[in-house]
Student: 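I have a structure here, written as structure tokens, and I will follow up with some questions on it.
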There are 2 protein chains.
Amino acid sequence: MREDTRTRIQEIALRLFTEQGYEATSLREIAEELGVTKAALYYHFRTKDDIIASLVEMRMTELEELLTWFRSRPNTLQTRRELLERYAETLKRSRYLDVAKFLERNQTAMRDHPQLTRMRETMMTLTREMSDPGATPTERISRSMALFALHAGKWLTLETELSDEEIDKATMEVAMRLLEP
Amino acid sequence: MREDTRTRIQEIALRLFTEQGYEATSLREIAEELGVTKAALYYHFRTKDDIIASLVEMRMTELEELLTWFRSRPNTLQTRRELLERYAETLKRSRYLDVAKFLERNQTAMRDHPQLTRMRETMMTLTREMSDPGATPTERISRSMALFALHAGKWLTLETELSDEEIDKATMEVAMRLLEP
DNA sequence: GTCTATACGAGGATAGAC
DNA sequence: GTCTATCCTCGTATAGAC
């Protein structure tokens, strides 16, 4: 059974946007790969922006759910460790990893997008609340970086000697260490 | 005494590119802020790309010098610690920090730039050579992340309770810890 | 409902006048 | 060293075929 056009547009667009850049990818390219004219895209999406807006929305909703879950639990080392595990899980689902990659690589292109502002705030809140009130600056920064470390691990896939699984496992160990005092 | 036009174009362009994005910033905007027409920019630079190419070149040359220096020294913990100090020093000079920020935020826009490829390779080589041949995956990833941590620290300036100096100091401590076994 | 044909203003870029 | 005229492609929009 054939996917619907709308979903195919999103898939092609996300791939091209991530590979070539959001602004460097024209609607004509997307339309050609789909086998239609670019005007046809405007039947399915109001603007170029709308093509990825729903995908970004998915990723953001997930982050907000993660924050809600975190706040519902006692702020212990155990909870923080579980937060890292859950965050890493979201990055394993290819759809979210693709969106995360897109967002990393197209920061300025999405600059004044309201969704991006919300997401930045969610990430900020998450990292901030991981710290105890009386923590030292080093402890605060260290814990904040634990989440970033999970992303950084995905950039290091060029370390040819290591397999993806080894990198994922080692990245998690490094991130966990950043939670320790 | 007035700066020459060429330098002013670079300064205006780097600021606008970093704030708004490379592709989102038009030559007309730069020209207007400078008080000329966009066609006039083509006297000073062959393409839009060339406007920042020389700035990126500076940053890249510096990274390559850092790699050369690192290779000239015994690969000890002491040398790796000094590498972090030197790397952080480059990020303190505003010109390089601005270029680094621009590169972080406009990755896909610079995608097929030969300079970018060279820089990625230099960073990769640097992080790879920081590892001993017999190191565990966790040690390798941890050391590789030490350099990224210095950048990540610059993203955390929104941690309102901490001053820039506190963040810099704490970031360095976290990065140094990532070098330890 | 789904698409094609066509047009508009703005973008980067070039050639050439002054 | 600065500008005009010009070109092609871009995102966007609408009218209308099927």
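Source: prediction; values computed, not measured. In what follows, every chain begins at residue 1, and chains take the letters A, B, ... in the order their sequences are listed.
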Student: Can you check whether H44(B) has a side-chain N or O nearer than 4.0 Å to OP1 or OP2 of dT2(D)?
Tutor: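 Yes, because at least one side-chain N or O of H44(B) sits under 4.0 Å from OP1 or OP2 of dT2(D).
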
Student: Using whole Å, report how far CD1 of I9(A) lies from C1' of dG11(D).
Tutor: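 So the CD1-C1' distance, I9(A) to dG11(D), works out to 15 Å.
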
Student: Under 4.0 Å between a side-chain N or O of R28(B) and OP1 or OP2 of dG11(C)?
Tutor: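 Indeed, a polar side-chain atom of R28(B) lies that close.
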
Student: To the nearest Å, how far apart are R6(A) CZ and dC3(C) P?
Tutor: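 So the CZ-P distance, R6(A) to dC3(C), works out to 13 Å.
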
Student: Measure from NZ or CZ of K48(A) to the centre of the six-membered ring of Y42(A), then state whether that distance is under 6.0 Å and the direction lies within 45° of the axis.
Tutor: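 Geometry flag: not set, cation outside 6.0 Å or 45°.
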
Student: Set out, in order, the CA-CA distance, both residues' side-chain angles and the distance that settles side-chain hydrogen bond (donor to acceptor under 3.5 Å, both in side chains) for E139(A) and S131(A), then state yes or no.
Tutor: CA-CA 7 Å; E139(A) 280 168 350; S131(A) 285; over 6 Å; no

Student: How close or far is atom C1' of dC3(C) from atom CG of L34(A), stated in whole angstroms?
Tutor: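 Rounded to whole Å, this separation is 11 Å.
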
Student: Starting from the 5' end of DNA chain C, give me the residue, D49(B) or Y43(A), whose nearest nucleotide shows up first.
Tutor: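 Checking each residue's closest nucleotide, the 5'-ward one belongs to Y43(A).
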
Student: Identify whether NZ of Lys or CZ of Arg in K101(B) sits under 6.0 Å from the centre of the six-membered ring of F17(B) and within 45° of that ring's axis.
Tutor: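 No, K101(B) and F17(B) do not form such a contact.
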
Student: Roughly how many Å is it from CG in L16(A) to P in dG11(D), rounded to a whole number?
Tutor: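 Rounded to whole Å, this separation is 12 Å.
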
Student: What integer distance in Å separates F45(B):CZ from dG1(D):C1'?
Tutor: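 From F45(B) CZ to dG1(D) C1': 14 Å.
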
Student: Whole Å only: how far is the CD atom of E23(B) from the P atom of dG11(C)?
Tutor: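 Checked: the CD to P distance equals 14 Å.
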
Student: Quick one: is T37(B) getting a side-chain N or O under 4.0 Å of the dC3(D) phosphate, OP1 or OP2?
Tutor: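 Answer is yes, contact under 4.0 Å.
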
Student: Could you tell me the separation between the OH atom of Y22(B) and the C1' atom of dG11(C), rounded to a whole number of Å?
Tutor: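 Going from Y22(B) (OH) to dG11(C) (C1'), I get 12 Å.
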
Student: Only one of N106(B), T18(B), T25(B) forms a side-chain hydrogen bond (donor to acceptor under 3.5 Å, both in side chains) with T108(A), so which one is it?
Tutor: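 Among the candidates, only N106(B) passes.
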
Student: With the sugar-phosphate defined as primed atoms, P, OP1 and OP2, and the base as all remaining atoms, what B/S/- string results for nucleotides 13-18 of chain D, 5' to 3', for protein heavy atoms under 4.0 Å?
Tutor: B-----

Student: Can you name the residues that form a side-chain hydrogen bond (donor to acceptor under 3.5 Å, both in side chains) with E65(A), not counting sequence neighbours?
Tutor: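 side-chain hydrogen bond (donor to acceptor under 3.5 Å, both in side chains) check on E65(A) returns nothing, list empty.
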
Student: Which listed nucleotide (dC3(C), dC3(D), dG12(C)) is nearest to the side chain of A40(B)?
Tutor: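 The closest nucleotide is dC3(D).
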
Student: Check whether NZ of the Lys or CZ of the Arg R59(A) lies under 6.0 Å from the centre of the six-membered ring of Y87(A) and within 45 degrees of that ring's axis.
Tutor: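 Yes, R59(A) sits over the ring of Y87(A).
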
Student: Does atom CZ (R95(B)) have a neighbourhood of more than 12 heavy atoms from anything else shown, all under 6.0 Å?
Tutor: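 Not buried by this count: 12 neighbours or fewer within 6.0 Å.
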
Student: Can you measure K48(A) atom NZ to dG11(D) atom P for me and round it to whole angstrom units?
Tutor: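 Result: 4 Å.
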
Student: According to a strict under-4.0 Å criterion, is S26(A) in side-chain N/O contact with OP1 or OP2 of dC10(D)?
Tutor: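 Yes, such a contact exists.
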
